[in-house]
Amino acid sequence: DVKVTQSSRYLVKRTGEKVFLECVQDMDHENMFWYRQDPGLGLRLIYFSYDVKMKEKGDIPEGYSVSREKKERFSLILESASTNQTSMYLCASRSFGTGQDEAFFGQGTRLTVV
Amino acid sequence: GENVEQHPSTLSVQEGDSAVIKCTYSDSASNYFPWYKQELGKRPQLIIDIRSNVGEKKDQRIAVTLNKTAKHFSLHITETQPEDSAVYFCAASNNNAGNMLTFGGGTRLMVKP
């Protein structure tokens, strides 16, 4: 059974705090993603990683950074949390070049910044 | 980069009717088009996908069609049931270059019993 696990289901942080959202996958996938989900706006890509230490900006990278030191782990960092970053964050992973194209999602982290 | 637009944003149908959700994409290099279903409080899960070398694919009550020339693809659900109520997302990807997956804005489907 494939698994993508996000470290927290719910988080409440204060404005200005540095926030880490962790995601781990056990499928040896090359690609990992961080999306933000807001009502009416769908799944917006924040950052994408196609290999260890490699990353690409998505559609809304401002205010975020990422880290991928190991293949199985992809971290999203909010350098200085703001109230407009209150949202649901979804991590996903996907293989590359194997023909198995399905992306698998984590359970989501609902972040509230107060 | 790729831009995916999805319509309608909400869709209400009577049980047993058909539902159609449409998406357009901008990057002609995209070659993989999945559809995900997200039930309330759950993570999105793949329900069907299509590759650019195929025009249509069916799986029981769901089907997807692709028009590469017009750069649009659609999800068709026949004989809808209350358990089909969910948010549906289309997506596009170029699996030959980087594998970035771009999603549409989602459609909330409500099936009334």
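The model shown is predicted, which means the values in this text are computed figures rather than measured ones. Just so we're on the same page: letters track the sequence lines, and every chain starts at 1.
Distance SG/B:Cys90 to CG/A:Leu43: 10.5 Å, rounded to 0.5 Å. Interatomic distance, CG of A:Asp59 versus CG of B:Asn3, reported as 8.0 Å (0.5 Å rounding).
Both B:Ile21 and B:Phe33 are part of a single hydrophobic cluster, where members link through side-chain heavy atoms under 4.5 Å apart. Hydrophobic clustering (side-chain heavy atoms under 4.5 Å, transitive across Ile, Leu, Val, Met, Phe, Trp, Tyr) keeps A:Ile46 apart from B:Met100. A:Val4 and A:Val66 sit in two unconnected hydrophobic clusters of ILVMFWY residues. Membership requires side-chain heavy atoms under 4.5 Å apart, directly or through other members. Hydrophobic clustering (ILVMFWY, side-chain heavy atoms < 4.5 Å, transitive): B:Tyr36 and B:Tyr88 are in distinct clusters. B:Met110 and B:Ile77 fall into different hydrophobic clusters, where Ile, Leu, Val, Met, Phe, Trp and Tyr residues are linked whenever their side-chain heavy atoms come under 4.5 Å apart, directly or through other members.
A 6.0 Å sphere centred on NZ of B:Lys68 holds no more than 12 heavy atoms belonging to other residues, nucleotides or ligands. With a 6.0 Å radius and a threshold of 12 heavy atoms from other residues, nucleotides or ligands, B:Arg108 has its CZ atom at or below the threshold. Heavy-atom contacts from other residues, nucleotides or ligands closer than 6.0 Å to CD of B:Glu79 number 12 or fewer.
Chosen from A:Asp101, A:Leu90, A:Leu41, A:Asp38, the residue pairing most often with chain B at heavy-atom distances under 4.5 Å is A:Asp101. In terms of heavy-atom pairs under 4.5 Å with chain A, the best-connected choice from B:Gly1, B:Ser9, B:Ser93, B:Ala91 is B:Ser93.
A:Phe33 touches chain B through its side chain: at least one heavy atom from C-beta onward sits under 4.5 Å away, while N, CA, C and O do not. Heavy atoms of A:Gln37 lying under 4.5 Å from chain B belong exclusively to its side chain.
In terms of modelled atom types and a separation under 3.5 Å, the side chain of A:Tyr35 and the main chain of B:Phe103 share no donor-acceptor contact.
Here the closest non-hydrogen pair linking B:Leu101 and A:Leu45 is O-CD2, 4.5 Å. Across all non-hydrogen atoms, the minimal contact from A:Glu102 to B:Tyr32 is N-OH, 4.0 Å.
Proximity to chain A among residues 37-66 of chain B is limited to B:Gln38, B:Gly41, B:Arg43, B:Pro44, B:Leu46, B:Arg51, judged by heavy-atom separations below 4.5 angstrom.
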